[in-house]
Every structure is written in C-alpha cells, then in structure tokens.
Amino acid sequence: MEEVDTRHLRPTFTMPVRLGRADTIEGIRAGFVARDHLSGRWRGKGRWAELYVPARERKLWSPYLSLRVDEDADGCSVFGRFSPHPEVWTFFMFIYGSVVTLVVFGATFGYVQWASGTPAWGLWAVWLGVPLLALLHGASWLGQRLGREQMSQLQAEVEDVLEELAETAD
C-alpha cells in the first residue's frame, strides 16, 4: 500500500499502472461494479471516479476518495485525493476564508491606524484570527486522524481493483 501524503489539508497518493488510460478507466469501473459491497458507493465519469464510505458508517469526518486517471510515459497513473464530503469541505473553506479575510482587513486597518498615530485596535483581528486559523488546521488534522481507518479501507479497495486489473493484463 502506497503511503498517503497527509501533509496537506486533503491527503493524496499516486499509483502507477502499466496499462493505457482507457483500459485502466474501464478496468476500475468493471472492478467496482463486480464488487457487490461497493454498490451505490461509487460513481464515475470520464477519467474521474469517486468512492464513498458506506452511509451507515459515515461520520462528519468521514472521507471520500476522488480518483483521476492520467497518462504518463509508462502507461498511466491513478491519482487519489481524500476529502471530506463537499458540504463539510465547503463549510470548512468558508470559515477558513472568512478568518483569512478578517486577518487581512484587520492588519490593513490596524496599520493605517498605527501610521495615522491613532490607537491600532484593528490589529486585534490579527491576534484573534491567527489562533483561529491554527484551530482550523488542528481540526483538519484531527479529522484526518479520526478518518484514517476509513481512508485506508477506501485506498485498499482501489488497490485490490488495480491488482486484479494488472493480473488480467499480464
């Protein structure tokens, strides 16, 4: 199993495949369809596919796996990115963007106040916003840790499909 790069807000991995892109895409779809336990837990279009945790096991921090098949010199590669579900990710990014905006405007306003010789109370936005950004990053890290087992299960499903595909191609 390839190591998942968890240094990012959305962990990633890449798996090389010695087949062409079209064969790999078709093989992934056929592999997902052949597994009854994946019924209703995946969808795909073009060179993209998504794999989900079963609904009964889904929590706020549960990931889903987005797959993309890219061509390269030796065949193709399957790029996987774990993300929280879209509604969770959108809310997280809204809060993150709002806090960054607060920090930038507060820093700008505070600097203008300071340069004008008035009390720079606008800088309080920076002192409040930076710890909030750290808390958001910590929440992301915690969510990744809580969802680690589910991430491993989703990645194992993809690896099983790709191993079967490699065996049939040989």
Side-chain angles (χ1 to χ4, degrees), residues 1-101 132-170:
M1 184 179 289
E2 181 173 320
E3 185 82 18
V4 174
D5 183 5
T6 58
R7 295 174 294 174
H8 306 286
L9 287 177
R10 298 189 302 171
T12 62
F13 65 90
T14 303
M15 289 186 266
V17 181
R18 292 180 299 164
L19 298 171
R21 185 166 75 177
D23 292 336
T24 302
I25 292 168
E26 187 56 38
I28 289 172
R29 286 200 179 111
F32 285 169
V33 168
R35 289 167 168 71
D36 290 336
H37 67 281
L38 293 182
S39 177
R41 290 183 40 206
W42 74 276
R43 63 182 170 192
K45 178 109 173 135
R47 64 185 187 129
W48 297 87
E50 295 175 344
L51 185 60
Y52 301 94
V53 173
R56 67 185 176 282
E57 296 174 19
R58 206 170 288 162
K59 308 277 189 245
L60 179 65
W61 56 81
S62 291
Y64 79 96
L65 177 56
S66 176
L67 300 170
R68 182 184 73 217
V69 181
D70 296 318
E71 288 194 58
D72 59 24
D74 298 328
C76 67
S77 61
V78 176
F79 175 78
R81 173 172 283 149
F82 294 100
S83 297
H85 285 271
E87 59 275 5
V88 174
W89 181 250
T90 302
F91 180 71
F92 178 80
M93 291 310 295
F94 173 76
I95 298 296
Y96 200 82
S98 298
V99 172
V100 167
T101 302
L132 281 174
L133 290 174
L135 281 172
L136 285 170
H137 193 71
S140 169
W141 179 83
L142 179 63
Q144 287 179 18
R145 296 305 169 269
L146 292 172
R148 181 173 280 177
E149 183 177 328
Q150 291 176 333
M151 286 172 34
S152 295
Q153 291 170 353
L154 292 173
Q155 186 176 4
E157 292 288 352
V158 173
E159 288 179 348
D160 289 346
V161 167
L162 292 177
E163 284 176 14
E164 276 184 21
L165 184 60
E167 288 173 6
T168 59
D170 289 338

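Side chains included, hydrogens not; waters and symmetry mates left out as well; all remaining heavy atoms used.
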Residues in side chain to side chain contact (heavy atoms under 4.5 Å, CB included) contact with Leu146, at least two apart in sequence or another chain: Trp61, Leu142
Flag side-chain contact, heavy atom, 4.5 Å: Arg29 against Ile25: yes
Contact summary for His85 and Ser62, nearest pair of heavy atoms: CD2-O, 3.4 Å
Intermediate values then yes/no, side chain to side chain contact (heavy atoms under 4.5 Å, CB included), Glu57 and Glu149: CA-CA 12 Å; Glu57 296 174 19; Glu149 183 177 328; over 6 Å; no
Heavy-atom closest contact (Leu132 atom, Val99 atom, distance): CB-CG1, 4.0 Å
No-hydrogen, no-angle side-chain donor-acceptor test under 3.5 Å, Ser66 and Glu50: no
Stepwise salt bridge (charged side-chain N to carboxylate O under 4.0 Å, His left out) check, Arg21 with Asp70: CA-CA 7 Å; Arg21 185 166 75 177; Asp70 296 318; 5.2 Å; no
Atom of Val53, atom of Pro63 and distance for their closest heavy-atom approach: CG2-O, 3.4 Å
Heavy-atom side-chain proximity of Pro11 to Met151 below 4.5 angstrom: yes
Residues Phe79, Val69; criterion side chain to side chain contact (heavy atoms under 4.5 Å, CB included); working and verdict: CA-CA 6 Å; Phe79 175 78; Val69 181; over 6 Å; no
Distance in Å, Leu154 CG paired with Glu159 CD, rounded so as to fall on 0.5 Å steps: 11.5 Å
Arg41 vs Ser39 side-chain heavy atoms within contact, under 4.5 Å: no
Test log, rule side chain to side chain contact (heavy atoms under 4.5 Å, CB included), inputs Leu65 and Leu67: CA-CA 6 Å; Leu65 177 56; Leu67 300 170; 3.8 Å; yes
For the student: nearest non-hydrogen atoms of Phe82 and Gln155, plus distance: CZ-CB, 4.1 Å
Beyond-backbone contact of Ser83 with Trp89, side-chain heavy atoms, under 4.5 angstrom: no
Inter-residue atom distance Leu135.CG - Ile95.CD1, 0.5 Å rounding: 12.5 Å
Whether Arg35 side chain and Gly31 backbone form a donor-acceptor pair below 3.5 Å: yes
Main-chain N/O of Gln144 paired with Arg148 side-chain donor or acceptor, under 3.5 Å: no
Heavy-atom side-chain contact between Val78 and Thr14 under 4.5 Å: no
Validation row: Phe92, Pro84 side chains within 4.5 angstrom (heavy atoms): no
No-hydrogen, no-angle side-chain donor-acceptor test under 3.5 Å, Arg43 and Tyr52: yes
Spacing of CE belonging to Met15 relative to SG belonging to Cys76, to within rounding of 0.5 Å: 11.0 Å
CH2 on Trp42 to CD1 on Ile28, rounded to 0.5 Å: 10.0 Å
Taking every non-hydrogen atom, the tightest pair across Phe32 and Leu51: CZ-CD2, 4.3 Å
Pairwise distance CE(Met93) to CG(Leu136) - rounded to 0.5 angstrom: 9.5 Å
Heavy-atom pair of closest approach, residues Leu19 and Leu165: CD1-CG, 3.5 Å
Glu157/His37 under side chain to side chain contact (heavy atoms under 4.5 Å, CB included): CA gap, chis, key distance, verdict: CA-CA 10 Å; Glu157 292 288 352; His37 67 281; 2.8 Å; yes
Val158 backbone acceptor or donor facing Glu163 side chain under 3.5 Å: no
